[in-house]
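We use all heavy atoms of the structure for the numbers below, so side chains are in, but hydrogens, waters and symmetry mates are not. Every chain is numbered from 1, with letters handed out A, B, ... down the list of sequences.
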Amino acid sequence: MAADFNWAIGGEAGDGIDSTGKIFAQALSRAGRHVFTSKDFASRIRGGYTAYKVRTSVDKVQSVVDRLDVLIALTPRTIEENLDELHDGSVIIYDGERTTMQDVEIPGEMVGLDVPLKRLAEEAGGAIMRNVVALGAACEVTNFPIENLDSALEKRFKDKGQQLVDNNMEAARAGQSYVEEEYDHAFDYDLDTTDEDYVLLNGDQAIGMGAIAAGCRFYAGYPITPATDVMTYLKGRIEQFGGHVIQAEDELSAINMALGAARGGARSMTATSGPGIDLMTETFGLIATSETPLVICNVMRSGPSTGMPTKQEQGDLNHMLYGGHGEIPRFVLAPTTIAECFWKTVEAFNLAEKYQIPVYLTADLSMAVTEQTFTPDTFDMDEVEIDRGFVVDEADIDGHLSESGGFQPHEITEDGISPRAFPGTSGGAHMSTGLEHDEQGRRTEDTDMRVEQVDKRNRKVETAKEREDWSPREFGDPEADNLVITWGSNEGALAEALEFLDDEGIDLRVLSVPYIFPRPDLSDAVEAAENVVVVECNETGQFADIVEHDVLERVDRVNKYTGVRFNADELAAEIEATLAEGAEA
Amino acid sequence: MSSEIRFTDFKSDKQPTWCPGCGDFGTMNGMMKALAETGNDPDNTFVVAGIGCSGKIGTYMHSYALHGVHGRALPVGTGVKIARPDIEVMVAGGDGDGYSIGAGHFVHAVRRNVDMTYVVMDNRIYGLTKGQASPTSREDFETATTPEGPKQPPVNPHALALASGATFIAQSFSSDALRHQEIVQEAVEHDGFGFVNVYSPCVTFNDVDTYDYFRDSLVDLKEEDHDPTDREAAKDVILDQNKEYQGVVYKDEDSVPYHEQHGVDEDMSIIPDGAPEGATDLVREFY
């Protein structure tokens, strides 16, 4: 792997850190370099430390490391926050004319570049461009062709007029020339360019783009960090494809709007984070028992309650698997990379409609706000397939009517999948309900029908297990005694950790699991390995519990779900029969 | 096809389990007649209902329907209508569903002005849970959970609607079948959010707001020289606490419904077999 280079800009929230970092990342991407970004930010409008970090290489980068080569520090705190990552030879660019930065001390063998960012920006047309002056300075330090920065500046500002673009380019050059003229220093960095074309996007954007590609037409949501970017991405874009975004009054409303649109026959979704998932859980059982296809995107953040809203965690796994009263199957998908955010979104819509089931599509904060480069063909739209499942039109509705002529949206079938009729379909009128229902969707408390409907809904899962591919992604050494299992966004860090461990002579077999339910059977892999480690960003090891659960020898079970409690004589007979079966086996 | 539709086509084969004499029978009949009279048929109609006695209506009517969770019927109706502008959407609920657990949604549904009809069966009591105070119960209405009365003023749904920017506000009485149907029909025909609060007496648990009470106290705005397009006049009627009335109290003739405001007019159930044309441009944006 070619040498990677790590760069950051840090300051106070409101300093334009994010937008400046994005411009530099874009410039690197346009220069044919791979980029992986990360953010340190606090949940405040203004004040508080915030930083945008960029890791880049001509080879693929898919994680962050604790090392900084060049730092643009707008505040003294930026240097303090990053001391552990800075090293001898790291370059710190700062504006010594800024009141708070006058007494800044550059530690040890690091190189301090005092550049009058504000003054040079004012000369180029406005103090607001001081960060761009710093980017120009960074270009000089890294021997990075400034034309790539021009290209990124043009993309960022072209909508606001050529004058602004020109001013920014001038500001960048002012920073570059200042370093060239004032510092006679040979820097250690050399950012090569390549002819590769890359696109640069984050997980939320990949999910939004996947939704449009999958034919999603309706999005209802309520703003929440870190899921809001899905909504802002879709707004202004989905309309071009005949869709609509609506900002609801709360998450209770958002999911019910999405449910309504889905009952209308639209591919529909909502996205939220933990606190919103809690509210949406009220409606979850209704969606599942009425067999409504819906994609619910949960971009996880640190909980419980308000928790740490701008911090990473994978703590909602159990909630997505089991949340809601009663029992009802649902699918849970957890894309493991930003590219997979796109493809798993497409898959989530297909699964939702094929199995008429709500699908949790879960990303997490670090993936949602992290940008990464990919080749454009990673998102080949010609590869997108749409499968709407068992939808009947007027011509074939006759085959799905009850004896009294009513349409049967919950018809008992062998594979558990019933016909679906969209409103407007002649002869298809029916009610959907959260009550237990018969095949026509009418309320029932009949014990036989209750059991038939429960079994039918569970049968859909068995069908899906058979018909779909639920494989994990595997890498590392397939013969290694050490097995590491992970899910969600840890894949990138784990892939790079392999290289570190390889240097130490430690071999790993890695399984990165994007399917939480249904999920691959990992028991053979677990049995075959000497050591098994499950990696996840939470305290209790929720996925580890699942892995252990799956490899356990199962207890025998006696269950009853007719709506009537156990009777003593019945229970005695059930237990006797179960024990007898166990003895035979 | 619409000329052949009769209101009984909107009846399902399930017999209502409402108490004999319940106001909801009349409320539902008027809704079905209004739908039939406005040229709708069960296959192009979507009824959304919440929880409570009112929520059972989806079972007794024949149409596309969703019987949802408590208080969230309006957001469901909003989603159906935006996704399917070609479908007639009618939302039904009770006073508890609409003005208590769902009050937040009511305000915002009014503001959005989605072209649908909202019928609230207001019996001023929780009936299905056997008689507790509702948000429209009188201040001194004694129940098991409020033995001395709620001691708080009832919600004024019309005032809430007017303050939220409603474009159609009406009230009817389930036992005045003809007027009830007329009023609901006008709400269906309204270009925007047609809101009708229906006095729908509970004969089992409410011995105060009875048929006799409404018969004796109701005035019909139609006979009162009330101009429903006059917002100030509407305000006066709505804020008069001593007045029980039926009729259209406010109607904005310049109402612009949500789908026109937002340029939403496509049937969203129709999508291509693969990624939509032009989707590759989305990837190019990320260069």
Side-chain angles (χ1 to χ4, degrees), chain A residues 30 197 199-201 205 209 212-215 217-218 220 237 239-244 246 248-250 252-254 256-268 282-283 286 290 376 379 381-382 384-386 404 406 422-435 442-443, chain B residues 12-14 42-48 51 56 58-59 61-84 86-87 89 104-105 107-108 112 262-264 266-280 282-287:
Chain A
R30 290 198 163 194
D197 273 331
V199 290
L200 178 70
L201 67 164
Q205 291 168 326
M209 184 164 70
I212 293 177
R217 288 288 180 273
F218 185 88
R237 291 185 177 83
E239 296 86 348
Q240 296 164 27
F241 301 91
H244 187 64
I246 183 166
E249 58 272 24
D250 52 37
L252 301 164
S253 181
N256 277 281
M257 287 179 179
L259 163 62
R263 293 301 333 163
R267 286 198 157 188
S268 168
E282 177 193 58
T283 302
L286 167 66
S290 64
F379 308 100
M381 293 292 176
D382 292 335
V384 171
E385 288 174 12
I386 305 294
S404 59
F422 299 155
T425 309
S426 188
H430 63 272
M431 187 179 75
S432 305
T433 173
L435 290 164
R442 301 172 308 179
R443 173 191 192 147
Chain B
S12 81
D13 52 5
K14 281 271 184 184
D43 288 326
N44 81 346
T45 302
F46 201 108
V47 173
V48 187
I51 296 290
K56 297 179 174 184
T59 307
M61 283 179 70
H62 175 61
S63 71
Y64 285 89
L66 183 105
H67 175 217
V69 295
H70 199 17
R72 319 286 173 230
L74 284 171
V76 174
T78 301
V80 175
K81 189 64 189 182
I82 291 173
R84 297 297 303 274
D86 55 318
I87 296 295
V89 176
H105 306 308
V107 167
H108 296 282
R112 280 189 196 102
H262 293 265
V264 184
E266 289 188 39
D267 173 350
M268 295 184 187
S269 71
I270 302 163
I271 59 168
D273 292 336
E277 205 173 316
T280 300
L282 297 173
V283 184
R284 291 202 190 103
E285 259 190 74
F286 292 115
Y287 270 112

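Looking at heavy atoms from C-beta onward, A:Pro376 lies in side-chain contact with B:Tyr287 at the 4.5 angstrom threshold. Between A:Arg263 and B:Val48 the shortest side-chain heavy-atom distance does not fall below 4.5 Å. At least one side-chain heavy atom of B:Arg72 sits under 4.5 Å from a side-chain heavy atom of A:Glu282.
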Verdict with supporting geometry, B:Val69 and A:Leu252, side chain to side chain contact (heavy atoms under 4.5 Å, CB included): CA-CA 10 Å; B:Val69 295; A:Leu252 301 164; over 6 Å; no
Test log, rule side chain to side chain contact (heavy atoms under 4.5 Å, CB included), inputs A:Met257 and B:Val76: CA-CA 5 Å; A:Met257 287 179 179; B:Val76 174; over 6 Å; no
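For A:Gly215 against B:Ile271, the heavy-atom pair with the smallest separation is O-CG2, 3.5 Å. Nearest heavy-atom pair across A:Asn256 and B:Pro75 is CB-CB, 3.7 Å. Taking every heavy atom of both residues into account, B:Ser63 and A:Ala429 meet most closely at C-CB, 3.6 Å.
Heavy-atom pairs under 4.5 Å with chain B peak, among A:Phe218, A:Phe379, A:Phe241, at A:Phe241. Chain B forms the most heavy-atom pairs under 4.5 Å with one residue out of A:Glu239, A:Gln240, A:Arg30, and that residue is A:Arg30. Listed options A:Thr283, A:Thr425, A:Leu435 were ranked by heavy-atom pairs under 4.5 angstrom with chain B; first place goes to A:Thr425. Ranked by heavy-atom pairs under 4.5 Å with chain A, the list B:Gly274, B:Gly68, B:Pro42 is led by B:Gly274. Ranked by heavy-atom pairs shorter than 4.5 Å toward chain A, the options B:His70, B:Arg284, B:Arg112 are led by B:Arg112. The greatest number of non-hydrogen atom pairs below 4.5 Å with chain B, out of A:Ile212, A:Leu200, A:Asp197, is found for A:Leu200. Comparing B:His108, B:Lys81, B:Lys14, B:His62 by how many heavy-atom pairs each has under 4.5 Å with chain A, the most go to B:His108. No other option in B:Asn44, B:Leu66, B:Ile270 has as many heavy-atom pairs under 4.5 Å with chain A as B:Leu66. Between chain B and the options A:Gly428, A:Gly243, A:Ser290, A:Gly242, heavy-atom pairs under 4.5 Å are most frequent for A:Gly428. Contact count against chain A (heavy-atom pairs under 4.5 Å) is highest for B:Ser269 among B:Ser269, B:Ala83, B:Gly104, B:Gly71.
We find the CD-OG1 distance between A:Glu249 and B:Thr78 to be 7.5 Å, quoted to the nearest 0.5 Å. Of the inter-residue distances, the one linking B:Met268 atom CE with A:Ser268 atom OG reads 9.5 Å to the nearest 0.5 angstrom. Here B:Ile87 contributes atom CD1 and A:Phe422 contributes atom CZ; the two are 11.5 Å apart, rounded to the nearest 0.5 Å. Between the CG atom in A:Leu201 and the CZ atom in B:Phe286 there is a gap of 5.0 Å [rounded to 0.5 Å]. Of the inter-residue distances, the one linking B:Leu282 atom CG with A:Met381 atom CE reads 5.5 Å to the nearest 0.5 angstrom. In this structure, the separation between NE2 on A:His244 and CD1 on B:Ile82 is 4.5 Å, given to the nearest 0.5 Å.
B:Glu266 and A:Arg217 are not joined by a salt bridge, as no carboxylate oxygen comes within less than 4.0 angstrom of a charged side-chain nitrogen.
For A:Ala220, no part sits under 4.5 Å from any heavy atom of chain B, backbone or side chain. Only the side chain of B:Asp13 comes within less than 4.5 Å of a heavy atom in chain A; its backbone stays farther off. Proximity to chain B is limited to the side chain of A:Asp250, based on heavy atoms less than 4.5 angstrom apart. With a 4.5 angstrom heavy-atom cutoff, B:Glu285 touches chain A via backbone and side-chain atoms both.
The closest donor-acceptor contact from the side chain of B:Tyr64 to the backbone of A:Met431 lies at 3.5 Å or more, if one exists at all. Between the side chain of B:Arg84 and the main chain of A:Gly264, a donor-acceptor pair closer than 3.5 Å is present.
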